[in-house]
Amino acid sequence: MIPAEFEYVAPQSLDEALAALRDGGEDAKLLAGGHSLLPLMKLRLAAPSLLVDLRRVPGLEGIRREGDTWRIGAMTRHAAVAAEQDLGLVAHAASLIADPQVRHRGTIGGSIAHGDAASDLPTVVVALDGEIVVHGQEGERTIPAGDFFQGFFETALGPRDVVTEIRVPKLGTSGWSYQKFTRRAQDWATVGVAAVTRRDDGKIAEAAIALTNMGPTPIRARAVEGALAGASVDSLAPAAELADEGTSPPSDTNATAEYRRHLARVLVRRAVEEALAR
Ligand code: FAD
């Protein structure tokens, strides 16, 4: 279908983008890679009166490391994230998103801001206890990823906010894994699991686990994390059985909620095994 009519601007600075959002009112929307927003507009599920395209705003694209922190510009394409192998878990998850066309247009900032619980990068950023840097009309603020995703396509962003950067810690000696289950190659995750583990002397010193598509937001599998902390590396199976605690997976044409619960238990075990082995 053809989208409803809209105005379009491509500001040359962040200040201009913020001004365009302010002056454009509630119906103004940012445009990044367009791979979530444009399909919604074509289906007329979204009808913004103004699109504020971020592609000419300098300083929003690129990946750099500062000490123990990776700083990823919001307009960095999935393909560029996937190519930065030192990013580990984030790069691997980005490489599993859709097909090359989507990865060369879609951006990490767009994926985070869109807040789709079936997306891969929000889960990974939550597992890593990352941070989202946001510029709003009142200046800059940094939001922990755990507080950012608030509901079904609902985030801590206001309508006049711009995500400018995603920060994640450098993993050091921790192991990691992202397990994505799809019915067909290049699909969205039926269920996904991100795991980050730290071993200490035959024991699991720490485990962070987050789930994709097991509820309205990325969900930390706290019951599994608690069961694994201090446990022997051989005692994964009973902990993985707790994977669906506190989740509310959807039923749709890809899977029933019950099947998703089963997948979560299987994938958590695989993810932790792979993370510990890495
Ligand atoms: P856009 O579509 O431009 O914007 C999305 C939303 O975020 C809009 O509301 C926009 O206003 C807002 N926004 C964008 N940038 C900012 C910003 N910097 N600050 C504040 N708000 C902003 N994703 C996956 O994770 N896994 C998949 O397997 C997957 N498969 C896909 C398959 C297909 C066929 C398609 C079309 C998409 C798929 N995606 C998948 C989604 C893809 O990753 C999108 O690119 C991503 O979700 C949105 O990024 P974008 O840059 O395209 O954002």
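Keep in mind that the numbers below use all heavy atoms, side chains included, and drop hydrogens, waters and symmetry copies. One-based numbering, in listed order, for ligands and for the atoms of each. For this chain, numbers begin at 1 and follow the sequence in order.
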Answer yes or no: is there an ion pair linking [X] with [Y], defined by an N-O contact shorter than 4.0 Å?
| X | Y | result |
| --- | --- | --- |
| D53 | R55 | yes |
| D200 | K203 | no |
| D161 | R141 | yes |
| R22 | D15 | no |

I'd like to know if the side chain of Y259 pairs up with that of S251 as donor and acceptor (distance under 3.5 Å, no hydrogens or angles considered).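 No, because no side-chain N or O of Y259 sits under 3.5 Å from a partner of the opposite role on S251.
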Report the residue from T107, V162, T164 that forms a side-chain contact (heavy atoms from CB on, under 4.5 Å) with L54.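 The residue from T107, V162, T164 that satisfies side-chain contact (heavy atoms from CB on, under 4.5 Å) with L54 turns out to be V162.
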Can you list every protein residue that has a heavy atom under 4.0 Å from any atom of ligand 1, sorted by chain and residue number?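 Around ligand 1, where the cutoff is 4.0 Å for heavy atoms, the contacting residues are K29, L30, L31, A32, G33, G34, H35, S36, L37, L54, A74, H78, I97, A98, V102, G106, T107, G110, S111, A113, H114, S119, D120, L157, D161, V162, V163, K180, D187, W188.
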